[in-house]
Visitor: 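What follows is a structure written as structure tokens; I'll ask about it next.
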Amino acid sequence: MIYWIITTVLVWVALYFIIINGKAFGAIPKGKRLERIKKSKLYKNKKFQNISHTPSIAEGYKMSKVTYDFFLGKKDPLLKPLKEIPSLHTDLKNIDKNKDVFIWLGHSSYYLQLDGVSFLVDPVLSQYGSPFKYFNKAFKGADIFKPEDIPQLDYLVITHDHFDHLDYPTVKSIQERTGMAIVPLGVGAHLERWGYPESKLIEEEWGAEAELKNNIKITFTPARHFSGRRIRQNDTLWTSYVLETPAKKIFLGGDSGYDSHFKMIGDQYGPFDYAIMENGQYGEAWRYIHTLPEDVIQASIDINAQKIIPVHAAKFALALHPWNEPLQKITSLAKEKKLQILTPIIGEVVNLNQTDQQFSTWWED
């Protein structure tokens, strides 16, 4: 009996190490990268820290109950859409280089073109928001863009290393078409394992600036979140970005709970022509690490954003709210505050030089 128990345990341990060392799980920062991490003021007690104390779960909630509800609890009948998500398969490879555009690719993935320079942010185009196929599958209609649709890129931009923002099959597939990759400190370890040379990485921490093509500048700015693709968390940094051209300022929010950093970013870098904000896959239990819709509104006011583009919704069921609730709430709250929310369907071209472009309430159909 003891023999079989020991054998079973050893088999499970071996299976764990085989899985966790798969390429999708990336790499642990080592060598020069780890030494650089250790010197960072953001790195304390062997992990990166937020500006404010940030519990993974809010007061009044238990992780065991939250986990049970997520996997085994009763689900809202609209947790996933009942029919195909509206979308438009725009040909990204033939967009006029003279146009400044934003194109949402679903969840937090989007394509930006500014002053003839192309950016792809947090691309997850392998149809699954997880390291395993057939787990956390994209909604039908939200899955129309594939890695092969991505054109030659000037910059790949990653906000943090969670699987729903940094997708191994996508990032590996577009490697030869990517000029440079912009990543927060530590995340370069994943990309190097996947074949990106160190010379193609712009890897920095909050406060750092990088000069890009055509007089465009990107600044690494704080976010309130966490990181990790394995059991250990926070061994790589998470970030938001300020992207500035000679004519425009755009805030790339990444994932973040609400905190004082939004006001700080607004005071130092604002106002912003556009803010691309996380709005979806939230819950009261996670309010320190993901913004609720009312938090998105306040954060947008804090950073002084003229136009808000909500993302992080309508592709994966990563929380327990109805799939269309984030857009319902954010548009309703924005009307009360007289804020301008842009709500394109997946693949719809947003002309960043047009002030009166109109969008449908496609999530209500």
Visitor: Do Asn279 side-chain atoms and Pro310 backbone N/O form a donor-acceptor pair below 3.5 Å?
Guide: no
Visitor: Gln357 side chain to Asn351 main-chain N or O, any donor-acceptor pair under 3.5 Å?
Guide: yes
Visitor: Crowded around Lys200 NZ? As in, over 12 foreign heavy atoms under 6.0 Å?
Guide: yes
Visitor: Could you tell me if the side chain of Ile174 sits less than 4.5 Å from the side chain of Leu153, heavy atoms only?
Guide: yes
Visitor: Between the side chains of Lys93 and Glu148, is the shortest nitrogen-to-carboxylate-oxygen separation below 4.0 Å, so that they form an ion pair?
Guide: no
Visitor: Hey, any chance Ile303 and Leu292 share a hydrophobic cluster, counting ILVMFWY side chains that come within less than 4.5 Å of each other, even indirectly?
Guide: no
Visitor: Give me the one residue out of Leu114, Val101, Asp273 that meets side chain to side chain contact (heavy atoms under 4.5 Å, CB included) with Leu352.
Guide: Leu114
Visitor: Is any side-chain heavy atom of His160 closer than 4.5 Å to a side-chain heavy atom of Phe226?
Guide: no
Visitor: Considering all heavy atoms of both residues, which atom of Arg224 and which atom of Ser52 are nearest to each other, and what is their separation?
Guide: NH2-CB, 3.9 Å
Visitor: Counting heavy atoms not belonging to Lys46, are there more than 12 under 6.0 Å from its NZ?
Guide: no
Visitor: Ring pair (Phe, Tyr, Trp, His ring centres under 6.0 Å) between Phe316 and Phe135: does it pass, once the steps are laid out?
Guide: CA-CA 10 Å; Phe316 303 114; Phe135 181 74; over 10 Å; no
Visitor: Are Ile345 and Ile144 linked, directly or through intermediate hydrophobic residues, by side-chain heavy-atom contacts shorter than 4.5 Å (ILVMFWY only)?
Guide: yes
Visitor: Under a plain distance cut-off of 3.5 Å, with no hydrogens placed, do Asp356 and Gln354 share a side-chain donor-acceptor pair?
Guide: yes
Visitor: Taking Lys249 for its side chain and Tyr269 for its backbone only, find out whether a donor-acceptor pair lies under 3.5 Å.
Guide: yes
Visitor: Would you call Glu294 and Lys337 a salt bridge, taking side-chain N to carboxylate O under 4.0 Å as the test?
Guide: no
Visitor: Is it true that Ile95 and Tyr155 fall in one hydrophobic cluster, defined by side-chain heavy atoms closer than 4.5 Å?
Guide: yes
Visitor: Closest approach of Ala319 and Leu79, non-hydrogen atoms and distance?
Guide: O-CD1, 3.1 Å
Visitor: Does the side chain to side chain donor-acceptor pair (under 3.5 Å) test come out yes or no for Asn353 and Lys99, once each step is laid out?
Guide: CA-CA 8 Å; Asn353 293 322; Lys99 290 186 176 180; over 6 Å; no
Visitor: Ignoring hydrogens, what is the shortest heavy-atom contact between Val124 and Lys315? Give both atom names and the distance.
Guide: O-NZ, 2.9 Å
Visitor: Looking at Val157 and Tyr241, what are the two nearest heavy atoms and their distance?
Guide: CG1-CE1, 3.5 Å
Visitor: Are Thr343 and Ile330 packed together at the side-chain level, in the sense that at least one heavy-atom pair is separated by less than 4.5 angstrom?
Guide: no
Visitor: Check each of Thr236, Thr159, Asp235 against Ser227 using the side chain to side chain donor-acceptor pair (under 3.5 Å) test, and report the only one that passes.
Guide: Thr236
Visitor: Answer yes or no: are there more than 12 heavy-atom neighbours, outside Phe359 itself, under 6.0 Å from its atom CZ?
Guide: yes
Visitor: Does atom NZ of Lys172 have more than 12 heavy-atom neighbours from other groups under 6.0 Å away?
Guide: yes
Visitor: So does Ile28 get a backbone contact from the side chain of Arg193, meaning a donor-acceptor N/O pair under 3.5 Å?
Guide: no
Visitor: Taking Tyr282 as the fixed residue, which of His312, Glu325, His321 is the one that meets the side chain to side chain donor-acceptor pair (under 3.5 Å) rule?
Guide: Glu325
Visitor: Looking only at the side chains, is there a donor atom on one of Asp76 and Trp323 sitting less than 3.5 Å from an acceptor on the other?
Guide: no
Visitor: Between Asp161 (side chain only) and Val187 (backbone N and O only), is there a donor and an acceptor less than 3.5 Å apart?
Guide: no
Visitor: On a heavy-atom basis, which atom in Gly257 and which in Phe262 lie closest, and how many Å separate them?
Guide: O-CE1, 3.6 Å
Visitor: Give a yes or no on this: more than 12 heavy atoms of other residues, nucleotides or ligands lie within 6.0 Å of atom NZ of Lys146.
Guide: yes
Visitor: Would you indicate whether the side-chain heavy atoms of Tyr196 and Leu156 approach each other to under 4.5 Å?
Guide: yes
Visitor: Using modelled atom types and a 3.5 Å cut-off, is there a donor and acceptor pairing between side-chain atoms of Asp96 and backbone atoms of Asn98?
Guide: yes
Visitor: Return yes if some donor-acceptor pair links the side-chain N/O of Asn136 with the main-chain N/O of Tyr128 below 3.5 Å, else return no.
Guide: no
Visitor: Does CD in Glu198 sit with more than 12 non-hydrogen atoms of other residues, nucleotides or ligands closer than 6.0 Å?
Guide: no
Visitor: Is the shortest side-chain N to carboxylate O distance from Arg287 to Glu284 below 4.0 Å?
Guide: yes
Visitor: Identify the residue among His225, Glu278, His290, His261 that makes a side chain to side chain donor-acceptor pair (under 3.5 Å) with Ser256.
Guide: His261
Visitor: Could you report the tightest heavy-atom contact between Trp238 and Asn50, atom names first, then the distance?
Guide: NE1-OD1, 2.9 Å
Visitor: For the backbone of Ala27 and the side chain of His190, can you confirm whether one donor and one acceptor N or O come within less than 3.5 Å of each other?
Guide: yes
Visitor: With no hydrogens and no angle check, just 3.5 Å: does a side-chain donor-acceptor pair link Tyr274 and Gln340?
Guide: no
Visitor: If hydrophobic clusters are built from ILVMFWY residues whose side chains come within less than 4.5 Å, do Val350 and Leu105 share one?
Guide: yes
Visitor: Should Leu34 and Leu42 be counted in the same cluster of Ile, Leu, Val, Met, Phe, Trp and Tyr side chains packed under 4.5 Å apart?
Guide: no
Visitor: Do Met264 and Thr221 touch side chain to side chain, with heavy atoms closer than 4.5 Å?
Guide: no
Visitor: Taking the side chain from Gln113 and the backbone from Tyr111, do they hold a donor-acceptor pair closer than 3.5 Å?
Guide: no
Visitor: Mark yes when over 12 heavy atoms from residues, nucleotides or ligands other than Asn45 sit less than 6.0 Å from its CG; otherwise mark no.
Guide: no
Visitor: Would a 4.5 Å heavy-atom cut-off, applied to side chains only, mark Trp206 and Leu237 as touching?
Guide: yes
Visitor: I'd like to know if the side chain of Glu203 and the backbone of Gly186 have a donor-acceptor N/O pair within less than 3.5 Å.
Guide: yes
Visitor: I'd like to check Asp122 versus Ile158 (side-chain heavy atoms, cut-off strictly below 4.5 Å). Are they in contact?
Guide: yes
Visitor: Could you tell me if the side chain of Leu92 sits less than 4.5 Å from the side chain of Phe145, heavy atoms only?
Guide: yes
